[in-house]
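These numbers come from the heavy atoms of this one structure, side chains and all, not from hydrogens, waters or symmetry mates. As the structure is a prediction and not an experimental result, all values here were calculated from the model. For this chain, numbers begin at 1 and follow the sequence in order.
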Amino acid sequence: QFGDRVLQRLVTLLDAGLPDGGFCARYGGEEFALVLPDHDLEAAVRVCEAARDRIDRHPWAELDPGLRVTVSAGVAHSDDQPPEVEQVVGAADVLLYAAKNSGRNAVAFRDLRTGLVRLAG
């Protein structure tokens with residue numbers, strides 16, 4: 001039940017900053033997808049970085065003293081209409097692991113000009 005309360009609070013914080021048309025979906029145990037149709041990569045990175053910061057600053061100790069929750073995110077983008085969902089999810093997953101490998105609590109994306117993986121913020 002405690003884990004469920006943490007996940008519920010997390011979803012509330014993720015939803016709080018979503019633009020119109022965006023939505024949050026639970027993708028796996030502790031994994032979520034933020035879907036931001038009609039947003040370019042730069043806007044998507046801003047939304048994800050704001051969510052990461054909001055979750056990092058949240059007073060998690062209200063639920064349990066010493067509890068800290070952070071988010072690592074991989075932001076993928078496609079201009080295809082309709083997008084190749086499996087390709088976008090695969091790219092986001094690779095970037096998620098880049099964020100985790102950077103020390104966690106980070107948002108990773110691929111710079112469209114250089115192709116390099118970058119961290120937001």
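- Closest heavy-atom contact between Asp111 and Arg113: OD1-N, 2.8 Å.
- For Arg46 and Glu49, the salt-bridge test fails: no basic side-chain N is under 4.0 Å from an acidic carboxylate O.
- Proximity of Val117 to Phe109: side-chain heavy atoms (C-beta onward) are nowhere separated by under 4.5 Å.
- Hydrophobic clustering (side-chain heavy atoms under 4.5 Å, transitive across Ile, Leu, Val, Met, Phe, Trp, Tyr) groups Leu34 together with Leu7.
- Neither Leu119 nor Val75 shares a network with the other; the hydrophobic side chains, linked directly or stepwise wherever heavy atoms of I, L, V, M, F, W or Y lie under 4.5 Å apart, form separate groups for each.
- Both Val11 and Leu36 sit in one connected hydrophobic cluster of ILVMFWY residues. Membership requires side-chain heavy atoms under 4.5 Å apart, directly or through other members.
- With hydrogens and angles disregarded, no donor-acceptor distance shorter than 3.5 Å links the side chain of Arg118 to the backbone of Arg110.
- Note: Cys24 SG to Leu13 CG = 10.5 Å, rounded to the nearest 0.5 Å.
- Of all the heavy atoms in Ala76 and Ala92, the pair that sits closest is CB-N, 3.6 Å.
- Counting heavy atoms from C-beta on, the side chains of Val71 and Val107 never come closer than 4.5 Å.
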### Task
Apply side chain to side chain contact (heavy atoms under 4.5 Å, CB included) to the pair Leu96 and Glu31, showing each step before the final yes or no.
CA-CA 10 Å; Leu96 167 64; Glu31 292 188 4; 4.2 Å; yes

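- In terms of hydrophobic clustering, with Ile, Leu, Val, Met, Phe, Trp and Tyr side chains grouped at heavy-atom distances under 4.5 Å, Val45 and Leu18 are assigned to different clusters.
- Closest of all the heavy-atom pairs between Leu63 and Phe2 is O-CE1, 3.7 Å.
- For Glu86, the CD atom is loosely surrounded, since the number of other residues' heavy atoms within 6.0 Å does not exceed 12.
- What you find for Gly22 and Pro37 is that their closest heavy atoms are CA-CD, 4.2 Å.
- Screening residues 57-99 for ring pair (Phe, Tyr, Trp, His ring centres under 6.0 Å), with sequence neighbours left out, gives His58-Trp60.
- With contacts defined as side-chain heavy-atom distances shorter than 4.5 Å, the pair His39/Pro19 qualifies.
- Counting only heavy atoms from C-beta outward, the side chains of Leu67 and Pro65 never approach each other to under 4.5 Å.
- Val88 and Leu95 sit in two unconnected hydrophobic clusters of ILVMFWY residues. Membership requires side-chain heavy atoms under 4.5 Å apart, directly or through other members.
- Arg104 contributes atom CZ, which lies 14.0 Å from atom CG of Asp56 (distance to the nearest 0.5 angstrom).
- One finds the CG atom of Leu10 at 14.5 Å from the CZ atom of Arg5 (value rounded to the nearest 0.5 Å).
- Considering all non-hydrogen atoms of both residues, Ala106 and Ala99 come closest at O-CB, 3.5 Å.
- The environment of CG in Asp38 is sparse: at most 12 heavy-atom neighbours from other residues, nucleotides or ligands sit within 6.0 Å.
- Between Arg68 and Asn105, some side-chain heavy-atom pair lies under the 4.5 Å cut-off.
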